[in-house]
Amino acid sequence: MNTPETEFISILGAGGPQDAAGTKVWSKSLPESLPILGLSDIVIFPGTVTHLLVETAPSIRLIDDVVAGDRFLGLVLQRNPETENPTPADLYSFGCAGRVLKMLKFPDGSVRVAVEGLRRFRILSYASQSPYLVARTEKFKDVADESLELTALTRNAEREFQEIIKLSPTLAEQVKVAALNTEEPGKLADLIAANLNLSLEERQHLLEMPAVKDRLTHLLPLLSRELEVLKLGSKIQNEVVTSMSKNQRDFFLREQIRAIQRELGEVEPGAAEAKDLREQIERNNLPEEPKRVALKELERLQQMPVAVAEYTMTRNYLDWLISMPWSKFTEDKLDLAGASRLLDEQHFGLRKVKDRLLEFLAVIKLKQQLKGPILCLVGPPGVGKTSLGKSVADALGRKFARISLGGMRDEAEIRGHRRTYVGALPGRIIQSLRRVESSNPVILLDELDKVGSDFRGDPASALLEVLDPSQNNSFVDHYLDLPYDLSRVLFLTTANWLDPIHPALRDRKSSSCPVTPRRKKWKLRGGTWCPGNWRSTA
């Protein structure tokens with residue numbers, strides 16, 4: 001495939017005057033009338049060399065005529081960058097006179113030119129508008145003095161621009177060299193304005209200032225702002241790089257440790273932990289569904305880096321799955337005579353209450369199951385409700401757990417928290433089963449009448465499922481997210497009075513066992529006042 005040839009025109013003057021080094025010297029002065037080239041997205045300052053792309057037909061003809069003539073033109077910013085063929089009303093009145101250095105034509109008809117900014121000018125009037133704009137102009141020289149204030153402004157601007165050059169990766173090397181070799185305040189101000197990250201309006205405003213002192217005064221706040229932005233960006237970038245470098249270093253060191261352990265024949269810590277967890281799953285004889293979930297979570301854990309936050313969450317979840325007493329039960333004694341002796345030894349009086357408890361144990365012995373109403377011990381504080389529950393557990397030979405419901409308002413205390421939350425835990429029921437390491441303990445729900453409710457849920461409603469014999473065989477805790485059989489747990493409840501208890505929850509109870517003292521009888525025994533006998537009233 002043949003590549004189309006491009007036409008490159010060198011327009012440096014031939015045969016003109018030269019300096020001692022042999023470089024051609026430009027000696028022509030700027031004419032009063034200049035062809036005007038509208039710029040859509042750039043402001044050119046004196047002393048800067050810029051490359052432009054010219055695409056419209058009038059602008060291309062303008063460049064051709066300029067190259068064929070004295071190579072001078074006026075470079076003026078458009079008010080609307082979308083305008084293709086700007087009119088005088090579309091252009092600012094101030095611009096920069098420039099000289100075309102090089103031109104390069106492309107096969108698609110576009111032209112690329114290198115122009116050098118020479119001097120500021122103001123448009124007085126337009127001499128013609130066809131085939132392109134030609135305007136009469138008034139040139140401006142930099143207005144500067146040799147005051148101490150201008151010297152201080154120049155040094156401050158130069159110092160801050162040098163800092164910006166060090167921090168900015170986008171500035172070319174030529175800009176850094178030019179900044180070091182520019183001594184005149186006006187040229188330094190134009191160099192900074194051309195290379196600072198400014199809007200077109202700010203650049204045009206600076207171009208319209210012939211006074212060097214005004215330009216530097218306007219530039220200093222812009223320099224300070226840009227310097228602060230670059231410093232903050234550099235700080236953020238350094239923090240990101242440092243963090244990435246640390247992570248890469250840690251990864252490299254871990255890989256080295258694994259390689260050394262493999263060479264020594266040692267097992268990796270993660271593999272050893274996974275092996276230990278797998279052995280615990282097999283040893284604890286988990287039911288089918290919990291075992292399947294535990295093995296799936298273990299596979300996820302093995303593929304997860306230890307540093308990931310989800311690793312700890314998954315590890316804790318596995319600990320709960322493995323340590324739950326899924327298949328651990330204690331054997332019931334169901335010895336009514338022994339239970340009666342135990343109740344008499346541990347509690348004096350309370351005959352009707354103890355008889356009701358023995359009837360309850362007798363029904364359990366006959367039916368060989370716990371399905372039925374839940375006993376509720378009702379009475380004022382200090383009459384022995386909680387200790388009676390402990391005695392029932394001792395009489396059955398079961399483990400005992402007490403859950404205080406007083407002031408409970410969060411439903412998650414019963415059903416547990418979702419695992420998506422930080423610090424999530426199972427509910428109090430599941431925690432008690434894990435603590436006693438048995439799936440058929442006696443659980444005493446204390447102070448049932450003091451359960452509250454608010455925006456976090458209603459714990460009393462959650463207890464309906466826990467205490468319902470037809471539902472609690474598949475109780476689902478939000479944390480475990482697996483059905484757990486509570487049907488073999490013997491639930492006892494206590495309350496000071498029945499009225500505050502949720503009506504639906506009260507229906508789950510059997511006829512209450514009032515545990516109330518008749519009155520307190522104080523007797524003087526050995527110099528100490530002691531209470532007398534208590535009795536139960538129906």
Side-chain angles (χ1 to χ4, degrees), residues 281 284-296 317 320-334 360-376 389 392-393 396-403 405 408 411-419 425-446 448 451 457-493 501-510:
I281 293 172
N284 290 357
N285 193 23
L286 271 63
E288 181 179 353
E289 187 173 2
K291 183 177 181 179
R292 177 177 57 81
V293 173
L295 292 175
K296 183 179 179 181
Y317 179 65
W320 277 98
L321 283 182
I322 294 172
S323 59
M324 287 301 297
W326 299 94
S327 304
K328 294 181 181 179
F329 301 94
T330 56
E331 187 176 353
D332 292 337
K333 295 179 182 178
L334 294 176
F360 185 73
L361 296 178
V363 172
I364 293 176
K365 183 176 181 179
L366 289 174
K367 293 180 64 177
Q368 297 296 321
Q369 61 181 358
L370 296 178
K371 288 188 177 181
I374 307 298
L375 284 183
C376 180
V392 172
L396 285 173
R398 294 191 179 190
K399 296 184 178 181
F400 177 75
R402 172 183 170 273
I403 299 176
L405 304 178
M408 183 182 292
E411 185 179 344
E413 295 283 345
I414 303 298
R415 295 190 183 275
H417 302 84
R418 302 285 182 185
R419 271 189 293 157
L425 284 173
R428 300 276 291 278
I429 304 294
I430 298 298
Q431 292 183 38
S432 299
L433 294 177
R434 181 188 181 183
R435 185 171 62 254
V436 299
E437 298 181 350
S438 174
S439 288
N440 65 337
V442 175
I443 295 182
L444 181 72
L445 302 176
D446 212 359
L448 186 63
V451 175
D458 186 5
S461 300
L463 285 171
L464 293 174
E465 180 184 358
V466 174
L467 299 179
D468 190 343
S470 61
Q471 297 182 29
N472 62 8
N473 59 346
S474 58
F475 173 74
V476 177
D477 185 273
H478 287 163
Y479 183 82
L480 293 183
D481 201 22
L482 289 170
Y484 198 97
D485 187 6
L486 300 179
S487 61
R488 299 186 64 175
V489 178
L490 176 57
F491 289 101
L492 300 177
T493 60
I501 300 178
H502 194 285
L505 192 58
R506 195 187 310 163
D507 290 342
R508 295 280 190 270
K509 315 297 177 190
S510 68

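Not measured: the values here are computed from a predicted model. Just the heavy atoms: all of them, side chains too, but no hydrogens, waters or symmetry mates, feed the values below. Numbering starts at 1 and runs along the sequence shown.
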With the side chain counted from C-beta on, respond yes when Thr493 and Leu444 share a heavy-atom pair under 4.5 Å apart, and no when they do not. no
Can you find a heavy atom in the side chain of Ile374 that is under 4.5 Å from one in the side chain of Leu492? no
Ile430 and Met324, any side-chain heavy atoms less than 4.5 Å apart: yes
Audit row: Leu505, Leu464, side-chain contact (heavy atoms from CB on, under 4.5 Å) steps and yes/no: CA-CA 6 Å; Leu505 192 58; Leu464 293 174; 3.8 Å; yes
Is it the case that Arg419 places NZ or CZ above or below the six-membered ring of Tyr317, under 6.0 angstrom from the centre and within 45 degrees of the axis? yes
Side chains of Val466 and Asn472: does their closest heavy-atom pair fall under 4.5 Å? no
Does a donor on one side chain sit under 3.5 Å from an acceptor on the other, for Ser439 and Tyr484? yes
Side-chain contact test, heavy atoms from C-beta onward, threshold under 4.5 Å: evaluate it for Leu405 versus Pro459 and give yes or no. no
Do side-chain atoms of Trp326 reach the backbone of Pro290 as a donor and acceptor pair under 3.5 angstrom? no
Using a 3.5 Å distance criterion without hydrogens, assess whether the side chain of Asn440 forms a donor-acceptor pair with backbone atoms of Val489. no
Do Ser323 and Arg434 pass the side-chain contact (heavy atoms from CB on, under 4.5 Å) test, and can you show the C-alpha distance, the side-chain angles, and the key distance before you say yes or no? CA-CA 7 Å; Ser323 59; Arg434 181 188 181 183; 2.9 Å; yes
For the side chain of Asp485 and the backbone of Ser487, is there at least one donor-acceptor N/O pair under 3.5 Å apart? yes
Between Arg398 and Thr330, is the side-chain hydrogen bond (donor to acceptor under 3.5 Å, both in side chains) condition met? List the steps. CA-CA 6 Å; Arg398 294 191 179 190; Thr330 56; 5.1 Å; no
Has Lys399 got a side-chain atom pairing as donor or acceptor with Val436's backbone, closer than 3.5 angstrom? yes
Please report the closest heavy-atom contact between Ile414 and Leu463, naming both atoms and the distance. CD1-CD2, 3.9 Å
For side-chain contact (heavy atoms from CB on, under 4.5 Å), just list the numbers for Leu321 and Val293, CA-CA rounded to whole Å, side-chain angles, deciding distance to a tenth of an Å, and then say yes or no. CA-CA 9 Å; Leu321 283 182; Val293 173; 4.1 Å; yes
Indicate yes or no for a side-chain donor-acceptor contact from His502 to the backbone of Ala460 under 3.5 Å, with no hydrogens or angles considered. no
Within-4.5 Å side-chain heavy-atom neighbours: Arg418 and Tyr479: no
Side-chain contact test, heavy atoms from C-beta onward, threshold under 4.5 Å: evaluate it for Cys376 versus Arg506 and give yes or no. no
Would Leu467 and Leu445 count as a side-chain contact (heavy atoms from CB on, under 4.5 Å) if you check the C-alpha gap in whole Å, the side-chain angles of each, and the deciding distance to 0.1 Å? CA-CA 10 Å; Leu467 299 179; Leu445 302 176; 3.7 Å; yes
Can you find a pair of side-chain heavy atoms, one from Phe400 and one from Ile443, that are under 4.5 Å apart? no
